[in-house]
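Below is one structure, written out as structure tokens, with a few remarks after it.
As the structure lists them, so they are numbered: ligands from 1, and atoms in each ligand from 1. All values derive from a computational prediction rather than experimental measurement.
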Amino acid sequence: MSAHSVSKITETPRLLFLSLVASCAGPMQAPPDAGPVASPCASCHPSHTAQFETSRHATAAVGPRYVALRDQSDLRTRAFCDSCHRPVVGTARGLSCESCHVAVGNTGTSNARLVWDRNGAIRGSFNAVQTAGHRSAVHGFISSAELCGTCHEVRGPGAFHETPYTEWAASPSATRGETCADCHMSPTPGQSSPRARGPAANETGIVSPERSLADHRFVGPDHDDAPSLLRDVLTIALAREGDELVATVQNTLRGHYYPTGARFIREAWMEVAATRIDGSRVVLRGALDSLGRLQSGPLAPLALFHDELAAGLPAESAIVSVRAMAPLERRVFRMVVGSESPVISQIIVRARYRPASVTLLQSLNVDTLVPVYEVASASIPW
Ligand code: HEC
Ligand code: HEC
Ligand code: HEC
Ligand code: HEC
Ligand code: HEC
């Protein structure tokens with residue numbers, strides 16, 4: 001909560017955004033809910049606001065899985081959860097525009113140790129034209145991986161560990177100066193590509209020049225556009241050696257591990273299915289049981305990539321092993337096809353991902369209907 005040292009408030013009615021943040025008192029007290037319609041930025045930045053409203057940032061404090069896990073924690077841990085999911089400079093639903101645009105630094109790149117200048121200008125990356133809405137200032141922190149990393153590096157109790165920032169800092173992306181925003185605020189989720197161009201504001205009487213625009217949807221595994229983020233992050237090449245299937249899996253992602261982030265709740269695995277000579281299909285490895293859970297034993301997936309946790313809910317649990325694939329890592333998996341082999345005509349291997357473990361959701365008593373996404377697939381005649 002080091003941000004308190006810079007959070008003194010002076011009322012300056014001239015500046016629109018101050019009246020919003022002025023009423024934020026501290027981490028245990030919910031800031032007022034700005035809500036989509038009342039957003040003080042929407043009138044002049046309608047497309048940024050519309051994109052942001054589809055993002056999980058906007059609703060980071062009200063996701064049912066988050067609420068269930070938070071509410072099972074003691075008060076101290078709840079305040080810890082809130083520091084990122086409902087930051088002091090934010091709304092009751094989650095992050096606000098100011099959570100990032102008045103951030104000017106941190107006291108360490110983890111655990112929400114952001115420093116906000118709530119009496120200063122809106123921070124951006126270009127020399128903005130004058131507006132009645134706010135003062136503007138260019139500030140290097142807004143474009144940095146450290147802005148994202150201060151929340152996207154979690155050292156919490158139990159299994160609440162997230163390491164995208166430290167993974168990124170040691171990655172080929174960092175070496176070439178490719179930041180989180182380069183991949184996560186481009187028009188193609190997860191890939192560094194040229195930004196769309198257009199006016200950054202739509203204020204009556206002000207001519208806004210054409211700018212290069214940052215996508216504010218923050219597409220992740222919980223966004224409607226998740227398939228475009230996840231598709232082809234891995235590639236699979238198959239070969240046959242006698243009765244053995246050899247699957248070579250390559251992580252094409254250079255920015256951090258696959259998967260990264262909240263690996264305590266995600267599931268990422270490899271499925272092996274077969275088409276028999278009679279046309280019927282069978283899942284040999286990675287079949288889901290009747291309740292939709294991943295199985296162990298002979299039907300267990302060919303490979304798992306999410307964190308292996310000790311028994312219990314994440315807060316009391318611990319990470320037993322990290323199975324995620326490092327940037328650009330290649331792994332080979334082998335499987336003896338066995339007695340079915342003579343009646344099989346084709347084998348299909350798929351890398352699958354779902355935003356939450358059904359086993360965990362069941363124990364939390366929250367909706368277990370989570371989509372399963374295909375990250376990659378390959379087939380081989382048998
Ligand atoms: C009355 C209209 C108006 C309101 C309200 C408004 N803005 Fe702006 N904003 C503008 C204009 C005009 C620009 C300049 C655009 C340009 O130069 O291309 C701008 C620029 C910006 C920039 C770029 C700054 C830079 O130096 O790079 C950011 C970021 C921004 N606004 C965020 C916000 C946020 C966040 C809010 C709500 C707290 C907000 N704006 C409210 C009109 C407004
Ligand atoms: C080279 C492009 C690239 C860079 C750089 C990059 N990412 Fe990603 N990111 C991706 C792709 C592709 C995915 C989807 C695959 C995955 O989930 O690992 C992803 C997924 C994510 C996820 C969702 C993970 C999950 O499965 O829950 C988070 C969170 C994330 N990135 C944060 C960051 C942060 C923070 C940084 C900077 C420190 C960053 N990324 C840098 C491409 C990138
Ligand atoms: C999670 C952090 C984050 C949040 C929250 C956020 N922004 Fe941004 N915003 C950025 C980053 C990063 C940039 C791009 C900086 C760069 O180009 O390097 C940016 C750029 C902008 C710009 C400049 C034009 C452009 O598209 O690059 C405007 C205007 C803007 N944001 C408005 C908003 C508004 C309005 C909201 C709330 C509805 C908002 N932002 C919420 C991180 C954020
Ligand atoms: C104030 C803290 C904070 C900052 C700063 C922040 N994030 Fe996040 N981010 C979160 C939280 C909390 C979530 C999880 C929301 C949820 O699903 O409950 C999240 C989720 C995400 C996701 C996954 C969304 C999904 O659909 O699962 C992506 C991608 C992401 N952030 C990218 C970024 C990038 C890029 C930046 C920097 C420009 C950034 N974040 C800065 C707190 C932050
Ligand atoms: C230091 C910042 C930070 C803290 C503290 C934090 N989280 Fe998160 N949390 C994040 C970020 C960033 C993501 C997005 C990661 C991703 O998409 O992979 C996230 C994602 C999640 C998710 C997955 C999204 C969803 O809704 O299913 C859950 C659940 C969650 N957090 C619960 C918690 C709980 C409970 C606590 C307190 C014990 C907590 N978090 C503390 C930053 C934080």
Side-chain angles (χ1 to χ4, degrees), residues 16-17 20-21 39-45 48-49 55-73 77-78 80-87 89-90 94-103 110-114 121-134 136-139 142-145 147-158 160 162 164 179-181 183-185 189-190 199-204 206-211 214 217-226 229 259-266 314-315 355-356:
L16 262 181
F17 76 97
L20 195 233
V21 295
S39 163
C41 321
S43 56
C44 299
H45 300 291
H48 288 83
T49 308
S55 82
R56 291 288 290 210
H57 281 154
T59 53
V62 293
R65 304 185 302 238
Y66 168 72
V67 171
L69 283 167
R70 176 192 179 276
D71 289 356
Q72 290 184 348
S73 312
T77 305
R78 286 184 198 186
F80 174 70
C81 308
D82 291 350
S83 66
C84 288
H85 285 260
R86 193 181 65 181
V89 175
L95 275 65
S96 67
C97 309
E98 292 88 346
S99 304
C100 294
H101 284 291
V102 305
S110 66
N111 286 5
R113 286 178 286 168
L114 283 170
I122 290 283
R123 284 3 186 247
S125 59
F126 50 74
N127 283 310
V129 300
Q130 285 233 345
T131 158
H134 50 80
S136 306
V138 174
H139 198 287
I142 189 73
S143 311
S144 71
L147 166 67
C148 316
T150 309
C151 293
H152 285 268
E153 186 73 18
V154 187
R155 303 262 179 272
F160 287 108
E162 298 180 25
T179 64
C180 319
C183 290
H184 286 288
M185 297 183 83
N202 184 6
E203 181 179 352
T204 319
I206 303 277
V207 180
S208 288
E210 195 169 86
R211 305 281 189 193
R217 293 175 300 153
F218 298 99
V219 174
D222 295 304
H223 192 275
D224 286 348
D225 208 15
L229 171 76
T260 189
R263 290 188 295 237
F264 57 86
I265 197 165
R266 314 293 191 197

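Within the structure, ligand 4 lacks Gly63 among the residues with a heavy atom less than 4.0 angstrom away. Remark: distances from the non-hydrogen atoms of Ser99 to ligand 4 are all 4.0 Å or more. Contact analysis leaves Thr150 out of contact with ligand 4, as no non-hydrogen atom separation drops below 4.0 angstrom. A heavy-atom separation below 4.0 Å is not found between Gln130 and ligand 1. Using a non-hydrogen distance threshold of 4.0 Å, Val219 registers as a contact of ligand 4.
For ligand 4, the atoms sitting less than 4.0 Å from at least one non-hydrogen atom of Leu147 are 5 (C), numbered in the order shown with element in parentheses. In summary, the atoms of ligand 4 found under 4.0 Å from a heavy atom of Gly220, numbered by their order in the structure, are 23 (C), 24 (C), 25 (C), 26 (O), 27 (O). Counting atoms of ligand 1 from 1 in the listed order, those under 4.0 Å from a heavy atom of Glu98 are 38 (C).
The heavy atom nearest to atom 16 (C) of ligand 5, considering only His152, Arg263, Glu162, Arg266, is found in Arg266. For atom 27 (O) of ligand 1, the candidate residues are Ser125, Ala137, Cys41, Ala128; the nearest heavy-atom contact is made by Ser125.
With salt bridges taken as basic N to acidic carboxylate O contacts below 4.0 Å, one links Asp82 and Arg70.
At a 3.5 angstrom cut-off on N or O pairs, Tyr66 does not count as close to ligand 4. Here's the thing with His223: one of its N/O atoms is less than 3.5 angstrom from an N/O atom of ligand 4. At under 3.5 Å, a nitrogen or oxygen of His134, whether backbone or side chain, sits near a nitrogen or oxygen of ligand 1. Geometrically, ligand 4 and Arg56 share a nitrogen or oxygen pair separated by less than 3.5 Å.
Contact annotation: for Phe160 versus ligand 5, heavy atoms closer than 4.0 Å belong to the side chain alone.
When distances to atom 8 (Fe) of ligand 4 are checked against a cut-off of 2.8 Å, Cys151 contributes no N, O or S atom below that limit.
Classified by interplanar angle (parallel below 30°, tilted 30° to 60°, perpendicular above 60°), the ring pair Tyr66/His85 is parallel.
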